[in-house]
S.K.: 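Here it is: the structure, laid out below.
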Amino acid sequence: MNITSTMHGDVALLAMDDGKANAMNTGSLGALGDALDQAQATAKAVILTGRDGVFSGGFDLKVMKETPEAVPALVEAGGRMALRLFTYPRPLVLAATGHAIALGAVFLCCADVRIGRVGPYKVGLNETAISMVLPNFAREVALYRLPKAKVDEAVLQAQIYPHEEGLGVGYFDALDEDPVGAALKKAEALAQLPTETFAAQKLALRKEVIASIEAKIV
């Protein structure tokens with residue numbers, strides 16, 4: 001996966017693009033981790049986005065089907081990335097430029113501000129439908145973000161929503177025809193907050209969820 005990083009003042013814009021579904025494997029997760037390292041060192045706020053029409057379709061199914069041994073290692077790597085996003089010490093705005101399914105939807109739940117795209121795009125956790133019990137990291141951030149009344153529908157029933165409905169379910173804070181542009185405005189505002197205080201406040205507010213994930217990633 002190619003991840004481009006561009007600076008807009010104090011804001012780092014990280015754009016993922018593998019030319020397809022932005023599927024997550026160990027290589028793409030490693031590249032994302034490197035990009036987050038660089039952004040943390042140079043920026044006061046970060047935007048994570050995808051390619052036109054797709055944020056991320058989740059784990060790379062080719063890897064998941066290779067060998068039974070490949071699955072737990074990849075799921076754990078995805079969980080550690082989700083935890084990193086959830087605890088990231090800079091304001092993190094996610095701009096979903098298109099579909100956000102499975103791990104893509106989990107990453108949405110991990111960001112501080114989530115902006116969806118107006119149009120024919122889908123969001124949701126489809127794990128039940130593909131015979132996969134949601135890993136602990138994903139379940140915890142979903143419970144943190146989604147309204148209690150919507151959890152059974154969204155998680156247990158594996159409902160996939162248009163972005164417009166995903167707004168009400170809790171996957172998004174806002175929708176925009178230009179989610180990256182809207183994310184940039186929001187990130188610029190968040191970049192004005194005291195960096196160390198923001199990081200400490202985030203950890204304090206989310207400490208119970210963080211502890212649960214750290215105790216059992218998957």
S.K.: Using the side chain to side chain contact (heavy atoms under 4.5 Å, CB included) rule, take Y161 and E153 through it: C-alpha gap first, then chi angles, then the decisive distance, then the call.
M.R.: CA-CA 11 Å; Y161 305 91; E153 179 182 276; 2.7 Å; yes
S.K.: CE of M81 to CG of L36: how many Å apart, nearest 0.5 Å?
M.R.: 5.5 Å
S.K.: To the nearest 0.5 Å, what is the distance between CZ on F55 and NE2 on H163?
M.R.: 10.0 Å
S.K.: Please list all pairs passing the ring-ring contact (aromatic ring centres under 6.0 Å, His included) test where one or both residues lie in residues 82-101, with sequence neighbours left out.
M.R.: F86-Y144, H99-Y121
S.K.: Treating R90 as the side-chain partner and Q40 as the backbone partner, does any N or O pair qualify as donor plus acceptor under 3.5 Å?
M.R.: yes
S.K.: Quick check: is L94 connected to V180 through a chain of hydrophobic side chains (ILVMFWY, heavy atoms under 4.5 Å apart)?
M.R.: no
S.K.: Once rounded to the nearest 0.5 Å, what's the spacing between atom OG of S28 and atom CD1 of I3?
M.R.: 7.0 Å
S.K.: With a 4.5 Å cut-off on side-chain heavy-atom distances among I, L, V, M, F, W and Y, is there a chain of contacts connecting I130 to V218?
M.R.: yes
S.K.: What is the minimum heavy-atom distance between K44 and P91, and which atoms define it?
M.R.: O-CD, 3.1 Å
S.K.: Heavy atoms, side chains only, cut-off 4.5 Å: are L74 and L29 in contact?
M.R.: yes
S.K.: When rounded to the nearest 0.5 angstrom, what is the spacing between CG in L108 and CG in L48?
M.R.: 9.0 Å
S.K.: Decide side chain to side chain contact (heavy atoms under 4.5 Å, CB included) for M16 and M24; before the verdict, give the C-alpha distance in whole Å, the side-chain angles of both, and the deciding distance to 0.1 Å.
M.R.: CA-CA 10 Å; M16 306 183 295; M24 292 293 165; 3.4 Å; yes
S.K.: Let me see the working for L190 and V113 under side chain to side chain contact (heavy atoms under 4.5 Å, CB included), right down to the final yes or no.
M.R.: CA-CA 10 Å; L190 292 174; V113 179; 4.0 Å; yes
S.K.: Whether the side chain of T97 engages the backbone of V54 through a donor-acceptor N/O pair (distance < 3.5 Å, no angle test) should be reported.
M.R.: yes
S.K.: Does the D17 side chain pair with the main chain of R51, one donor and one acceptor, at a distance under 3.5 Å?
M.R.: no
S.K.: Is there a chain of hydrophobic side chains (I, L, V, M, F, W, Y, each step under 4.5 Å between heavy atoms) that links I101 to I115?
M.R.: no
S.K.: Say whether, by atom type as modelled, one donor and one acceptor occur between the side chain of S5 and the main chain of A35 under 3.5 angstrom.
M.R.: no
S.K.: Applying salt bridge (charged side-chain N to carboxylate O under 4.0 Å, His left out) to R117 and D52, what does each step give before you reach the verdict?
M.R.: CA-CA 10 Å; R117 186 174 186 179; D52 186 34; 2.6 Å; yes
S.K.: Using a 3.5 Å distance criterion without hydrogens, assess whether the side chain of D112 forms a donor-acceptor pair with backbone atoms of L92.
M.R.: yes
S.K.: Distance check, rounded to the nearest 0.5 Å: L193 atom CG versus Q201 atom CD?
M.R.: 10.0 Å
S.K.: Does R145 use its side chain to pair, donor to acceptor, with the backbone of C109 at less than 3.5 Å?
M.R.: yes
S.K.: For residues L143 and I210: do they belong to one hydrophobic cluster (side chain heavy atoms under 4.5 Å, members Ile, Leu, Val, Met, Phe, Trp, Tyr)?
M.R.: yes
S.K.: Compare all side-chain heavy atoms of V151 with those of L156 and state whether any distance is below 4.5 angstrom.
M.R.: no
S.K.: Do V155 and R139 come close enough that some side-chain heavy atom pair is under 4.5 Å?
M.R.: no
S.K.: Heavy atoms only: give me the nearest A183-A95 pair and the separation to one decimal.
M.R.: CB-CB, 3.9 Å
S.K.: Just so I know, are the side chains of L103 and V106 near enough to count as touching, which here means a heavy-atom distance under 4.5 Å?
M.R.: yes
S.K.: Any idea which heavy atoms bring A105 and Y171 closest together, and the distance?
M.R.: CB-CE2, 4.0 Å
S.K.: Is any side-chain heavy atom of L184 closer than 4.5 Å to a side-chain heavy atom of V11?
M.R.: yes
S.K.: Measuring only between side-chain heavy atoms, which start at C-beta, is K202 closer than 4.5 Å to P89?
M.R.: no
S.K.: So, does N126 use its side chain to make a donor-acceptor pair with the main chain of A158 at under 3.5 Å?
M.R.: no
S.K.: List the atom of A23, the atom of M1, and the distance in Å for their closest heavy-atom pair.
M.R.: O-CE, 3.7 Å
S.K.: Should S212 and N136 count as side-chain neighbours, where that means a heavy-atom distance under 4.5 Å?
M.R.: yes
S.K.: Apply the test side chain to side chain contact (heavy atoms under 4.5 Å, CB included) to residues L14 and T4: give CA-CA distance (whole Å), side-chain angles for both, the deciding distance (0.1 Å), then the verdict.
M.R.: CA-CA 6 Å; L14 309 182; T4 59; over 6 Å; no
S.K.: Check A102 against G57 and note the closest heavy-atom contact, atom names and distance.
M.R.: CB-O, 4.3 Å
S.K.: Quick one: are I160 and V123 in side-chain contact, heavy atoms under 4.5 Å?
M.R.: no
S.K.: Just by distance, do the side chain of R114 and the backbone of F107 share a donor-acceptor pair under 3.5 Å?
M.R.: no
S.K.: How many angstroms lie between CG in L125 and CD in Q157, if you round to the nearest 0.5 Å?
M.R.: 13.0 Å
S.K.: Find out if a path of hydrophobic residues (ILVMFWY) with successive side-chain heavy-atom gaps under 4.5 Å connects F198 to L203.
M.R.: no
S.K.: More than 12 heavy atoms of other residues, nucleotides or ligands under 6.0 Å from NZ of K186: yes or no?
M.R.: no
S.K.: Which heavy atom of D10 sits nearest a heavy atom of A191, and at what distance?
M.R.: CB-CB, 4.3 Å
S.K.: Thinking salt bridges, do D37 and R84 make one under a 4.0 Å N-O criterion?
M.R.: yes
